[in-house]
Structure formats: structure tokens, C-alpha cells
2 protein chains.
Amino acid sequence: MADAHDTADAQESKGLRERKQARVRAELIEAAMRLFLRQGFDETTVDQIAEAAEVSRRTLFRYFQTKGDILMAWTRGTSDFLEAALQARPRRETPLQSLREIFTELAEQLASNNVDAYAVALMIDRDPSLRQYSLQKHAEWEDRLAAVFIERFGASASSEQRAWLLARIGVASFRTALDQWIAVQGRTAMRSHLIETFALLDRSLVS
Amino acid sequence: MADAHDTADAQESKGLRERKQARVRAELIEAAMRLFLRQGFDETTVDQIAEAAEVSRRTLFRYFQTKGDILMAWTRGTSDFLEAALQARPRRETPLQSLREIFTELAEQLASNNVDAYAVALMIDRDPSLRQYSLQKHAEWEDRLAAVFIERFGASASSEQRAWLLARIGVASFRTALDQWIAVQGRTAMRSHLIETFALLDRSLVS
DNA sequence: GTTGCAATTGGCACTAAGTGCCAATAAAGT
DNA sequence: ACTTTATTGGCACTTAGTGCCAATTGCAAC
């Protein structure tokens, strides 16, 4: 997976070369998302994206391995964000509390974004050929979160098992909240759906 | 995963045409799996599969929409199996108990299969380009299990939420047990890893 | 069993994703 | 200014997947 975020790293000029690359990358993502949202994913060819971003088709594939990776890159940073956020939670919290908090933070981060997260979420939800990419992204989240938990719990077999289970339950809860959010057409804040889902988690697992 | 689908439909001769189709279909799956296991998924072309199954490339694509679908078809029936198994569980069980039981049943079903489920699980685990297919399959399981739960709980928003959450937790537990199974190289029965994981689930969520 | 119908098949040509290779170019270091 | 190195774009190639049409094959009714 590629790296590099879109917004602002004006702090450090790391040379013309790197700045140019970052610009091209951002240009590609922006052009691609505009086209995806307008015409759909399958209906958009990489040639169109390349042309819109004013690079050659060949260069596009140097920045992104697949067309889907461009879509993924848009939410790029969410994995890093979640990992860092989990790492930052105090150890006294239960793992589930920590998970609830970091996903809430994520939701707020996305809400304050300039691009309409709901529109993208809806597009991914509707188009069956896009589902695989969100599944992949969520799997990546699980990997990263599990790694943090393993670091905390130690690396014994049963600790690892617990870490994976918790990471997956966290992501499962997020996905469930996301479903609800889409079901109400984004009218209620994602945040409230997350709180509700995690509350349900506590209750559901007892009965 | 394996369910050898309809190994014997000898009871009903539905005409030569249909029998021929079933034969071609089985032939394609068998040829594909042989090639996938021998050379890997990406290294196997659909032309090779078509040739091995003695049909034209064009015909192959009439039986399966994508190359990946052939791989998925090998495990076709697991979704049906899980759905039916969950439906058959007594209502007095807690949902999590039911889930533990049906996944254990699935594991035993797979263990008694003629094809080596571990070899396939390992292949899918190793090859990154194959991960998407297992993710898709697990998502399908979630869909089916959630549907059964919704049928049981009623179709209110919060019931649906609970249904999805439970379905996903079930699948998450299965996946975690599967990881452990692969980690010990299939030496211990999948069944025991499942029991362990579900036990961990109860304990983990409290603390 | 012959004739007519509908489904299945295979060949061909096409689009689009993704890759290897190489020559041209633009940045970085000296 | 000169050399080195990374980036670029063009081209040709492979493979997945699709539309179209003509040939074949199973099926049924006569």
C-alpha cells in the first residue's frame, strides 16, 4: 500500500522531487475520487484518471499498484490513525473502552474532513465490486490494532489470540455502526451510532 | 471449507444436459484447485484451467464469472451449511452458544472431507491476492447468519444491529481460531481452537 | 428416425488492467 | 557546468473478462 496523506505537509520541504511526487499523488487521488463519485468505479478507466491528473497511464501505475488502491488511498492514514490512537489510550481502560474511544475519534476526524465521507461510504456500500476494498481496509485495521494489543498483552499464544479477537470485535462494531449510519442516510452523527453499538456489545454478550 | 457440493446426484437423472453441466462444473473446479495448489493462484491462467477441464475459455466464463469464483465455488455450501445449522439450534441457547456450536459443526464437516482443508487454508493465508476471497466468503457468512438472527429477534433497528453484531462476532471468532490452527500447522484439531476462542470471548469481554 | 427448436458451445475480436523494457528528461550532488 | 540517479512516458505484451455469431448438440414432437 502506498503512503502519503493528502493534506498539508508544508512543514518540511524535502526537496523539489518529493514535493512534486506528493502533488502528483494527491492529484491522482483527487481526480480519481471525483470520477468515481460521478460515474462509478467500474465505469471509470485508469486512462481517464491518468488524463485527468495529467500524467501518463504508466506513471499512474508507479504510484498505485491497482485502481482499487487509489480508492483505498483516500482513507489512507486511517490505519495509522487508529494505531496511534490506540497506542495513546491509557492502560487502565478496558480494551473495549479503548476501542470505542478510538473509533469515535476516527468518526470525528472523518466528519471534520473536507470531502463527504458519507458519499464515499454510500458509494462503497452500493457498488458490489467495491466491497472487497472496504473489507481489505478493515482487515488492515484489524492487523494494526491486533499488533498494538499484542505489544500490550505480551506475545504468548493466548495473548495473541485475545489481541486478534479484540481487534476484530472492535472493527465488527465499527462496521455495524456504519451500517446503521448508512441506514439512516447519515442523518444522525456516526458518533452516536458507535456509542450505541458498543453499548449493545456489552449487553449482547451477556444474554 | 470444502463441501464437495453435490458429489452424488445419482438419485435424479434430470436429463443428459443437466448432468453434463454438473460434470463440466465439477471438472472445472477440480482442475482449477489442482492447478492452484500446484502453482499458485496468480500463476494459473484461466486458459490452463479451461484446457485441463477440456472446455473452451469462453465456456469457462459461462460457468464462473471470475477466476476467483472457481476458488470460491470449492467452498460453496459452507454458507448454506452455516445458515441451516444456525436455524436448527434451539432458541433457548444464547446466540453465542449457538454460534460456537455451528462453527464447531462446520469444522467437523470440513475435517471429514476428502480434500485437505488445511492445504487450502494455508494457500489462502499465504497468497496475499487470495485474501480478498476469504474476506468475501466471511462477509457472506455474516450476511447469512445475521439474516437468521434478524428472523429470530424481529426486524427493529436495534434488533438488526444486534443481529449483525453477533454474526460478525461469530465470524471473528472463527477467523481467530483459524489463525491459531494455521499457527500450529494444523496439528491440533480446529475444533479445539474454536472452543478455546469462544471461551476466551466470554472472559475477554468482561475484563 | 426425422425434423424442428432451444440451449450450449467455441471461435473471434474487443476492452481494460497491469507489467517489463527502454529511451528521454529532470532533479541532485560535485 | 558535468555527472549521476531517479522519474517519466511510450510501446508492446500478457491476462481477465465480455459481446457476438455461427456451429453443434440435446430434446421433443411428430
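To find a chain, count down the sequence lines: A is the first, B the second, and so on, and within it residues start at 1.
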Partner residues of [X] under the side-chain contact (heavy atoms from CB on, under 4.5 Å) criterion, sequence neighbours left out:
X: A/Thr104; answer: A/Arg100, A/Glu108, A/Arg191, A/Leu194
X: A/Glu54; answer: none
X: A/Arg187; answer: A/Val184, A/Gln185
X: B/Ser56; answer: B/Arg58, B/Thr59

Whole angstrom value for the distance that separates [atom2] of [N] from [atom1] of [X]:
X: A/Glu18; N: C/dA26; atom1: CD; atom2: C1'; value: 15 Å
X: A/Arg23; N: D/dT7; atom1: CZ; atom2: P; value: 15 Å
X: A/Asp47; N: C/dG18; atom1: CG; atom2: P; value: 11 Å
X: B/Leu28; N: C/dT8; atom1: CG; atom2: C1'; value: 14 Å
X: A/Glu54; N: D/dG9; atom1: CD; atom2: C1'; value: 15 Å
X: A/Tyr133; N: C/dA17; atom1: OH; atom2: P; value: 10 Å
X: B/Asp42; N: D/dA16; atom1: CG; atom2: P; value: 9 Å
X: B/Glu43; N: D/dA16; atom1: CD; atom2: P; value: 11 Å

Problem - Qualifying residues under ring pair (Phe, Tyr, Trp, His ring centres under 6.0 Å), relative to B/Tyr133, sequence neighbours excluded - result: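 If we apply the ring pair (Phe, Tyr, Trp, His ring centres under 6.0 Å) test to B/Tyr133, skipping adjacent residues, the hits are B/Phe41.
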
Practice task
For B/Tyr118, enumerate each residue passing the ring pair (Phe, Tyr, Trp, His ring centres under 6.0 Å) test, keeping only those at least two apart in sequence or located in another chain.
Solution key: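 Partners of B/Tyr118 under the ring pair (Phe, Tyr, Trp, His ring centres under 6.0 Å) test: B/Trp181.
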
Problem - Flag side-chain contact, heavy atom, 4.5 Å: B/Phe81 against B/Ile102 - result: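 No. Closest side-chain heavy atoms not under 4.5 Å.
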
[N] OP1/OP2 closer than 4.0 Å to side-chain N/O of [X]:
X: B/Lys20; N: D/dG26; answer: yes
X: B/Thr59; N: C/dG10; answer: yes
X: A/Ser56; N: D/dT8; answer: no
X: A/Tyr63; N: D/dT7; answer: no

Problem - salt bridge (charged side-chain N to carboxylate O under 4.0 Å, His left out) involving A/Asp127 - partner list, sequence neighbours excluded - result: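 Salt bridge (charged side-chain N to carboxylate O under 4.0 Å, His left out) check on A/Asp127 returns nothing, list empty.
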
Exercise for the section: Kindly say whether A/Gly40 contributes a backbone atom to a donor-acceptor pair with the side chain of A/Thr44 at under 3.5 angstrom? Expected result: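 It does hold such a pair.
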
Practice task
Give me the residues of residues 124-131 of chain A where at least one heavy atom lies under 4.0 Å from an atom of DNA chain C, by number, or none.
Solution key: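 Here the set is empty: none.
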
Handout entry: Mutual orientation of the aromatic rings belonging to A/Trp141 and A/Phe174 [parallel < 30°, tilted 30-60°, perpendicular > 60°]
Key =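 Perpendicular, since the angle between the ring planes exceeds 60°.
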
Practice task
Residues of residues 33-41 of chain A with any non-hydrogen atom less than 4.0 angstrom from an atom of DNA chain D: list those, numerically ordered, please.
Solution key: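 When residues 33-41 of chain A is checked for heavy atoms under 4.0 Å from DNA chain D, there are no hits whatsoever.
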
Handout entry: Heavy-atom protein contacts under 4.0 Å, nucleotides 18-24 of chain D, coded B base, S sugar-phosphate only, - none
Key = BBB----

Problem - Polar side-chain contact B/Arg17-D/dT25 base: donor and acceptor under 3.5 Å - result: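 Such a pair exists between side chain and base.
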
Please list every donor-acceptor pair under 3.5 Å in which a side-chain atom of residues 27-37 of chain A meets a protein atom from a residue at least two apart or in another chain.
none

Handout entry: side chain to side chain donor-acceptor pair (under 3.5 Å) partners of A/Glu105, counting only residues at least two apart
Key =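 Side chain to side chain donor-acceptor pair (under 3.5 Å) check on A/Glu105 returns A/Arg89.
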
